[in-house]
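Take a look at the structure set out below.
Ligands are counted one by one from 1 in listed order, and the atoms in each one are counted from 1 as well.
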Amino acid sequence: MPGSVPSPGTGTGLSSRHLARLPTGYFGAPAAVGTSAPGHPRSLATTLPPTHWGPGQQRPLPLMVQTGQAVPRQELEEQYTVLEELGSGTYGRVVLTEPRDGGSPVVLKLMLKENTEWRAFLREYCIALCLSGHAACIRALPVAFESATHFAFGQELAPAGDLCTLLTPGVREGLAEVLVKRCASQLAEALDFMHSRALVHRDVKLDNVLLFDRECRRVKLGDFGLTRLQGSAVRAMSSTLPYSPPELCLLQGSDTLELDSSLDVWAFAVLLFCLCTGCFPWAVAASPDPQFEDFSAWQSGAEGREAPPSWQGFAYGAQEMFRRLLRLDPDRRSPAIEVQKYLSLPWLTAQDTGARLDGGDRQEAAAGSPQVPITQGCAPASGSGGSVRDAAGAGEQGDGSCSSGEGVPTPPAGTLALCH
Ligand SMILES: Nc1ncnc2c1ncn2[C@@H]1O[C@H](COP(=O)(O)OP(=O)(O)OP(=O)(O)O)[C@@H](O)[C@H]1O
C-alpha cells in the first residue's frame, strides 16, 4: 500500500516488535501493524538531520523515533485519489482516499505543516497506533507519510460520521435514550482504557466521537491530537471551553494545571448531557454563567434540593450519575466507567421520553428553557448563557512528552471555537 510504514525486515520499519518495546502501562498493549509492499518507502532517517526534532525539545520517546524514521516523503496526489472530504479541524483535513495502485479506501488525516510540528504529528500517530487495540478507539493504520505541505496518517473509516451529525443545530432535542446509553457505555470503556494507561484524551466532544452506524451500535473515540500523559502541566484552551471543567476555566494567563483523568470525565458528562437534550448545560463552567451557577448551587447544596430547570428532565438515577461525574472538586469526580452502573436505570423522565416520541410539543416546552442550544458545528450558541471568557493559552509544558507552545494554534480570543 502506498505510504505504508514499512514492515519488519526492511531495516527502517515500524513493526509490532518496535511497538512491543514500549513499557506496558505507558501506552498499553502494542497495536497490531500490517505489512507493506517490499522496498517502499524510503526512510526519513536518511533525509532528516537530528535537529528535525527542533531546538530545546525534550528527547522523544523511542517509539516516536522509530516511527519517525519510517515515515516516507511523498506527495498525496501521486499515491492517492481523494474521494471525499470527511471533515476538517484546527490542524488540517480528514479525507477519504483510494490508493492509486489499488487496495481498499483509506481515511487520511492531513495535518498542515505550517500548523503542526513534526513531533506533534508523530505523537498523535503513535498514540493512535497504541490505542488501536481497543474496540472503542478509532484504529490507526500503518500508513503515514510527509508531503511538501502536510503530515498524514491513515485511519479506518467511520462510515456514519460523528455525533454532531445526529443532532440538529438549533433544535433542543436529544437522541433517544437507548442511543445515548449505547454511546455512554462504549465511550466509558474507551476512556477507562486510556485512563488505565495514564493517558488523558483532553478533547472529548461530540465531533470526536465517530460512528459506524446511525443507531450508535458501534461508536469510537477519535482525535488523539491533544492526548497527554496524566500529570502533564496544561493550560486552558478556548477551543475546548464548553467541555472544560471549572478547575481549567479558572486558570489565568499562563497558569497551568496538572492533567488528570477527571478532566475527561467532566467533558464526557457534558457530552452525555448534550446527547440527552440537544443543548449544552452551560456556555462555560465559571461564574457568572447563570446555568453553571445554578448547577454549582445544586451541587453544593443539601441532598434532596430541587434540581435546576435544565436538569429536571432527568430521572433521579441519572441526576445522581451526572452529579457524581460533574463534582466541582476533581478529586471527588467518579471514574468514567461508573456510567455503566446507571445503564439499567431510566435516564429521562417519562414526560421527557414521551415528548421525544411526538416531537413538536417538546420543542415548544423547551423554547423557554435556559439551556444553551447547539449551533452548526456542535458549538454552543454564542451569546447564550453567561459571559464567555477566553481561556487563552493553548500550550502545555513539563509533561515529559512535549514542550510549551508546540504546534497548537490558539483560536481567536473571545470565541467558542468549536465550529469547523
Ligand atoms: N476515521 C474517520 N472516519 C470518518 N470521519 C472522520 C474520521 N476521522 C475524522 N473524521 C471527521 O473529521 C473531523 C475532524 O477530525 P479530527 O477531529 O481528527 O481533526 P482535528 O483537526 O484534530 O479536529 P479538531 O480541530 O476538532 O481537534 C471529525 O469531527 C469527523 O467528522
Legend entry - Leu96, portion touching ligand 1 at heavy-atom distance under 4.0 Å: neither
Inset, instruction - Have a look at Val95, Leu226, Asp223 and point out the one with the heavy atom closest to atom 27 (O) of ligand 1. - result: Asp223
Inset, instruction - State which residues pass side chain to side chain donor-acceptor pair (under 3.5 Å) with Glu258; sequence neighbours excluded, sorted by chain then number. - result: none
Inset, instruction - Would you please indicate yes or no on a ring centroid separation below 6.0 angstrom for Tyr80 and Phe145? - result: yes
Legend entry - Centroid separation Trp347 to Phe314 less than 6.0 Å: no
Inset, instruction - Test Glu78 against Arg100 for salt bridge (charged side-chain N to carboxylate O under 4.0 Å, His left out), laying out the working first. - result: CA-CA 8 Å; Glu78 283 168 13; Arg100 287 196 189 273; over 6 Å; no
Inset, instruction - With heavy atoms of Asp203 as the reference, note each atom of ligand 1 found under 4.0 Å away. - result: 27 (O)
Inset, instruction - With atom 14 (C) of ligand 1 as the reference point, say which of Leu141, Leu210, Val94 has the nearest heavy atom. - result: Val94
Legend entry - For ligand 1, the portion of Met111 having any non-hydrogen atom under 4.0 Å away: neither
Legend entry - Stepwise side chain to side chain donor-acceptor pair (under 3.5 Å) test for Gln299 and Arg323: CA-CA 7 Å; Gln299 274 288 47; Arg323 290 180 76 173; 3.2 Å; yes
Inset, instruction - Find all atoms of ligand 1 within a distance of less than 4.0 Å from any non-hydrogen atom belonging to Gly87, and give their numbers and elements. - result: 12 (O), 13 (C)
Inset, instruction - Evaluate the ring planes of Phe121 and Tyr125, with Trp represented by its six-membered ring, and classify them as parallel (under 30°), tilted (30 to 60°) or perpendicular (over 60°). - result: parallel
Inset, instruction - Can you sort out which atoms of ligand 1 are near Lys109, meaning under 4.0 Å from one of its heavy atoms? - result: 16 (P), 18 (O), 19 (O), 20 (P), 22 (O)
Inset, instruction - Report the part of Asn208 (side chain from C-beta onward, or backbone N, CA, C, O) that has a heavy atom under 4.0 Å from ligand 1; answer both or neither where that applies. - result: side chain
Legend entry - Close approach of Lys205 to ligand 1, heavy atoms, under 4.0 angstrom: yes
Legend entry - Pair Ser310, Gln291: side-chain N/O donor-acceptor within cut-off below 3.5 Å: no
Inset, instruction - Specify whether Trp282 and Trp266 have parallel, tilted or perpendicular ring planes, treating 30° as the upper limit for parallel and 60° as the lower limit for perpendicular. - result: tilted
Inset, instruction - Could you list the atoms of ligand 1 found under 4.0 angstrom from a heavy atom of Leu86? - result: 4 (C), 5 (N), 11 (C), 31 (O)
Inset, instruction - Before signing off on this row, confirm whether Ser88 and ligand 1 have an N or O atom pair separated by under 3.5 Å. - result: no
Inset, instruction - Classify the contact between Asp207 and ligand 1 as side chain, backbone, both or neither, using a heavy-atom distance cut-off of under 4.0 Å. - result: both
